[in-house]
Amino acid sequence: MKITDIKSPKFLKNYSTNQLNTLCSDIREFLIDNLSETGGHLASNLGIVELTVAMHYVFDSPKDKMIFDVGHQSYIHKILTGRADKFTSLRQLGGISGYQKRNESKHDPFEAGHSSTSIAAALGFAYARDLDNEKNDVIAIIGDGSLTGGLAFEALNNIETLKSKVIVILNDNEMSISKNVGGLSKFLKNVRLSHSYETASKSYKKFLTKSKLGKKLFDISYNIKEKFKRKINDNIFTNLNIDYLGPVDGHNIEELIRALKKAKNSKKSILVHVLTKKGKGYLPAETNASAWHGVGSFNKETGELKKSSLPSLSQIVSDTVYEFMQQDDSIVTITPAMINGSKLEKIFKDFPNRSIDTGITESFATTLACAISLNNKKVFLPIYSSFLQRAYDNINHDIARMNAHVVIGIDRAGLVGEDGETHHGVFDISFLNSIPNMVICMGKDSEEIRNLLYTGFYKQDKPFCIRYERDSIEFNKTEFKELPVGTWKYLQKVKGCKNTVISYGTDVSKLYEKLKDKNINIINARYIKPIDKNILKELIRTKQKIYIYETNIKTNSLGTNILEYFNHKEAKNKIKLTGIDNKYINHGKINELKKELNLDIEKTVEDIYKYFNIKE
Ligand SMILES: Cc1ncc(C[n+]2csc(CCOP(=O)(O)OP(=O)(O)O)c2C)c(N)n1
């Protein structure tokens with residue numbers, strides 16, 4: 001069957017094992033073809049092809065609910081539920097999402113993008129099902145990486161409390177984005193080892209039991225194996241009163257179908273442990289699954305990924321902290337599972353004793369960072385803006401309240417593009433702005449980013465948040481200099497001019513490039529909190545007309561900080577505030593999204609001219 005002709009998963013029920021295997025190969029080819037154009041989470045999806053096919057063979061979606069954790073690995077589910085013909089639009093403006101979406105299909109019962117929610121969601125669906133006396137299965141598909149998140153553990157713990165049956169499929173590929181970490185990951189590794197022992201021991205028995213000595217050797221190893229097995233059957237899951245089934249070879253359709261049927265027939269909640277290979281079937285992704293976790297477009301023949309020739313802002317930040325760590329052994333770097341995304345590879349390689357990957361644990365990592373810093377240490381804690389939402393309480397209750405010296409790197413601040421709604425970093429200013437003791441800043445270029453980091457680490461000793469966008473820019477390695485907290489800078493000051501533009505980050509550099517030599521003052525508000533009251537007083541005194549440009553939610557933004565101050569001073573200045581209204585933003589390329597929001601630089605410049613009555 002042509003992949004794009006699939007309209008519903010029903011056809012699978014009549015397929016033989018051979019046909020199912022052929023379908024899996026065709027799906028892999030389809031994924032590689034399409035993702036080489038659109039980009040997406042290739043390695044995660046290649047690893048879960050057989051598992052998703054087997055799930056749709058055994059269960060009946062949409063009656064049975066399939067909830068994919070994060071949802072980045074739900075592409076095969078999308079294909080089997082009739083969305084293959086839309087794959088050329090995957091993650092593109094107006095196209096299908098890279099995650100499950102309720103308004104996209106009745107086969108998507110729940111939505112995510114952030115990890116570790118699937119078991120909680122499955123429990124909620126199962127509980128409601130039981131209240132209604134319905135009979136359907138609810139299945140959470142969660143990776144071993146996402147299982148490191150505390151929310152997943154809270155849900156596992158509540159399976160006993162709610163008593164509603166759920167099926168948890170643990171897709172264990174030993175990887176989060178990087179190699180998975182932690183005690184649970186070690187336990188899963190032991191189970192994997194026992195599985196390979198199990199497979200090997202069949203031929204081993206045949207060979208050894210031929211002689212007396214061989215039989216003795218076999219008995220000894222058999223006892224060790226049995227002990228191991230007992231340990232596995234008495235594990236964290238069974239102790240939480242969840243049946244454990246596995247491990248199952250995740251690339252063997254027959255084995256998978258057998259296990260999933262058992263899970264379906266089980267009366268109790270059950271976890272099926274499935275072993276898969278991330279990137280399976282595409283050599284570049286199999287051999288470097290981290291790099292191929294989520295990719296842009298690529299050359300499918302050579303496996304070459306298309307990349308910017310300029311360094312990313314994450315790289316510039318990470319390289320700067322690396323320079324500090326070389327001189328200063330009081331600095332510790334902590335990441336919640338984002339070594340690759342936050343470009344921390346070199347720090348982790350060269351300072352293994354002062355760098356910690358905590359798994360997908362934004363909230364834990366933040367409290368950990370706080371406590372470490374209270375012991376004469378400085379902690380660098382880079383977290384993507386949207387994932388930082390998970391750590392709000394820890395930032396407020398721990399770091400800010402105890403005034404801990406943690407430098408939070410707010411990576412992917414602003415619009416992030418193709419990952420869409422769940423990933424845009426447009427809320428962090430709003431939720432950090434209200435926290436006492438908090439400093440929030442953003443640099444306009446690599447020099448300013450370096451100097452802000454220098455200020456955060458060495459010229460103050462309190463919480464310090466530095467935001468940086470998903471972008472690549474020129475990198476100039478410059479001497480460090482303090483940028484006093486709460487100070488702004490004029491990029492252009494025109495004598496007698498009454499028009500002022502205020503912005504920050506690389507946006508202010510872009511505006512400066514377009515507006516230089518015009519009758520407009522341009523202020524770089526590099527500190528969003530605290531604001532520069534000296535400059536603001538001057539703007540009031542000289543009766544400036546003000547245009548504030550931000551690409552974040554307007555609520556509780558730099559703009560509202562300025563308005564509040566002006567209100568307090570009973571100032572009469574005319575002010576225009578731009579930014580994003582209080583709504584969720586879809587997926588698409590960053591520049592396309594900015595256009596849709598009337599926030600692209602070209603339109604903004606036109607708007608500025610109009611506002612100030614200036615001819616272009
Ligand atoms: C709260 C949160 N933090 C970080 C991420 C980024 N992230 C997306 S997928 C992923 C790894 C997930 O690993 P796993 O669940 O094992 O899935 P795999 O891709 O290996 O199949 C991470 C860290 C996220 N989506 N949500």
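Count residues from 1 along the sequence. Indexing begins at 1, ligand by ligand and atom by atom, following the structure's order. Every value quoted in this text rests on a predicted model; they were computed, and no experiment measured them.
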For atom 13 (O) of ligand 1, what's the nearest protein heavy-atom neighbour? Residue, atom name and distance, please.
Ser176 CA, 3.5 Å
Suppose we measure from atom 21 (O) of ligand 1 to each protein heavy atom; which comes out shortest, and what is that distance?
Asn173 ND2, 3.2 Å
Go through ligand 1 atom by atom and flag the ones less than 4.0 Å from a non-hydrogen atom of Asp144.
16 (O)
Heavy atoms, side chains only, cut-off 4.5 Å: are Val58 and Lys262 in contact?
no
Could you list which atoms of ligand 1 come closer than 4.0 Å to a heavy atom of Asn171?
21 (O)
Taking atom types as modelled, is there a side-chain donor on Ser557 or Asn552 under 3.5 Å from an acceptor on the other?
no
heavy-atom search around atom 18 (P) of ligand 1 in the protein gives Lys278 NZ, 3.5 Å
Nearest to atom 8 (C) of ligand 1, what protein heavy atom do you find, and at what distance?
His293 NE2, 4.1 Å
What protein heavy atom is closest to atom 12 (C) of ligand 1, reported as residue, atom name and distance in Å?
Ser146 OG, 3.9 Å
Pi-cation contact, Tyr322 with Lys346 (under 6.0 Å, within 45°):
yes
Can you tell me the protein heavy atom closest to atom 10 (C) of ligand 1 and the distance?
Ile177 CG1, 3.7 Å
Considering the heavy atoms of Gly143, write down every atom of ligand 1 situated less than 4.0 Å from one of them.
14 (P), 15 (O), 16 (O)
Under 4.0 Å from a heavy atom of Ile360: which atoms of ligand 1 are those, numbered in the order shown and with their elements?
1 (C), 2 (C), 3 (N), 4 (C), 22 (C), 23 (C)
Side-chain donor or acceptor of Asp69 paired with backbone N/O of Ser118 under 3.5 Å
yes
Using only atom types and a distance under 3.5 Å, with no angle test, would you say the side chain of Asp64 pairs donor to acceptor with the backbone of Val138?
no
May I ask you to check if ligand 1 and Pro336 share an N or O to N or O distance below 3.5 Å?
no
Sub-3.5 Å donor-acceptor pair from the side chain of Thr335 to the main-chain atoms of Asp357, do we have one?
no
How close does the nearest protein non-hydrogen atom get to atom 26 (N) of ligand 1, and which residue and atom is it?
Ser115 N, 3.0 Å
Within-4.5 Å side-chain heavy-atom neighbours: Thr52 and Phe68
yes
Taking the side chain as C-beta and beyond, is there a heavy-atom pair between Asp172 and His273 under 4.5 Å?
yes
For atom 19 (O) of ligand 1, state which one of His72, His41, Gln73, Glu362 supplies the nearest heavy atom.
His72
Going by atom types alone, do Lys589 and Gln92 pair a side-chain donor with an acceptor below 3.5 Å?
yes
For a side-chain contact (heavy atoms from CB on, under 4.5 Å) with Ser97, tell me which candidate from Glu421, Glu418, His587 qualifies.
His587
If you scan protein heavy atoms around atom 14 (P) of ligand 1, the nearest is Gly145 N, 3.6 Å
Is there a nitrogen or oxygen of Gly113 sitting under 3.5 Å from a nitrogen or oxygen of ligand 1?
yes
Which atoms of ligand 1 sit under 4.0 Å from any heavy atom of Arg390?
1 (C)
